[in-house]
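This report refers to the structure that appears directly beneath it.
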Amino acid sequence: QVQLVESGGGSVQAGGSLRLSCAVSGNVNDNRCVAWIRQAPGKEREGVAAFYFGGSITWYADSVKGRFTISGDSADYTLNLQMNSLKPEDTAMYYCAAKIGYCDTGSHWTTTSSYRYWGQGTQVTVSS
């Protein structure tokens, strides 16, 4: 089992910044992919960014490239998402999710159903 606990959500005006963190524990080693996945009201879940601890490899959705930065620390298996230049369309519940293995093995990293372990989520609200 892998446990994930998110923190750092909140409300901010457009153009502002927030930093999300995810504490990963349990059956954890470098052969783990952890992603930030968001879901806005009435919309499907969307992969935002992913991080593979074995090599610190990153992936980003086109909608957040240049604005969001994902980073991880294999010393304590924490994952962060620095979100800058936030837009109202970034408003969503943000989940930290994990799966065993490389992020793009078997299915694209944005395939949300491929993630077996999920946190409870943290709300991000961006006002215009």
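Heavy-atom minimum distance, Ala61 versus Gly47: CB-O, 3.4 Å. Residues Cys103 and Trp59 approach most closely at SG-CZ3, 3.3 Å, considering heavy atoms. Nearest heavy-atom pair across Cys22 and Leu4 is SG-CD2, 3.7 Å. Minimum interatomic distance between Ser85 and Arg67 (heavy atoms only, all atoms of both residues): O-NH1, 3.0 Å. Of all heavy-atom pairs between Met93 and Gln123, the closest is SD-N, 3.5 Å. Contact between Thr111 and Ser114 at its shortest, heavy atoms only, is O-OG, 2.6 Å.
With values rounded to the nearest 0.5 angstrom, Ser21 atom OG is found 9.0 Å from Leu81 atom CG. The CD1 atom of Ile100 sits 4.5 Å away from the OH atom of Tyr117 when rounded to the nearest 0.5 Å. Leu18 CG to Thr125 OG1: the interatomic distance, rounded to the nearest 0.5 Å, is 9.0 Å. With values rounded to the nearest 0.5 angstrom, Lys99 atom NZ is found 10.0 Å from Thr112 atom OG1.
With hydrogens and angles ignored, the 3.5 Å screen pairs no side-chain donor or acceptor of Tyr95 with any backbone N or O of Ala35. Looking only at distances, a side-chain donor or acceptor of Tyr115 sits under 3.5 Å from a matching main-chain atom of Trp109. Tyr60 places a side-chain N or O within donor-acceptor distance of the main-chain N or O of Ile70, the cut-off being under 3.5 Å. With Arg32 contributing its side chain and Asn27 its backbone, the two residues share a donor-acceptor pair below 3.5 Å. Looking at Thr91, its side chain does come within 3.5 Å of a backbone N or O of Val126 through a donor-acceptor pair.
Ile37 and Val2 fall into different hydrophobic clusters, where Ile, Leu, Val, Met, Phe, Trp and Tyr residues are linked whenever their side-chain heavy atoms come under 4.5 Å apart, directly or through other members. Hydrophobic clustering places Trp118 together with Tyr52 (ILVMFWY residues linked when any side-chain heavy atoms are closer than 4.5 Å, directly or through intermediates). Hydrophobic clustering (ILVMFWY, side-chain heavy atoms < 4.5 Å, transitive): Tyr94 and Leu79 are in one cluster.
No donor-acceptor contact under 3.5 angstrom links the side chains of Tyr102 and Asn31, judged on distance only. Asn84 and Gln82 form a side-chain donor-acceptor contact under 3.5 Å, judged by distance and modelled atom types alone.
By the 4.5 Å heavy-atom criterion applied to side chains, Trp36 and Phe51 are not counted as neighbours. Using a 4.5 Å cut-off on side-chain heavy atoms (C-beta onward), Ser17 and Val12 make no contact.
Contact check on Lys87 versus Asp90 returns no salt bridge, with no Lys/Arg side-chain nitrogen under 4.0 Å from an Asp/Glu carboxylate oxygen.
Atom CZ of Arg116 is surrounded by 12 or fewer heavy atoms from other residues, nucleotides or ligands within 6.0 Å.
When Glu44, Glu6, Glu46, Glu89 are each tested for a salt bridge (charged side-chain N to carboxylate O under 4.0 Å, His left out) with Arg38, only one passes: Glu46.
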side-chain contact (heavy atoms from CB on, under 4.5 Å) between Phe68 and Leu86, intermediate numbers included: CA-CA 9 Å; Phe68 292 10; Leu86 283 161; 3.8 Å; yes
Step-by-step side-chain contact (heavy atoms from CB on, under 4.5 Å) determination, Ser7 to Thr122: CA-CA 6 Å; Ser7 61; Thr122 184; over 6 Å; no
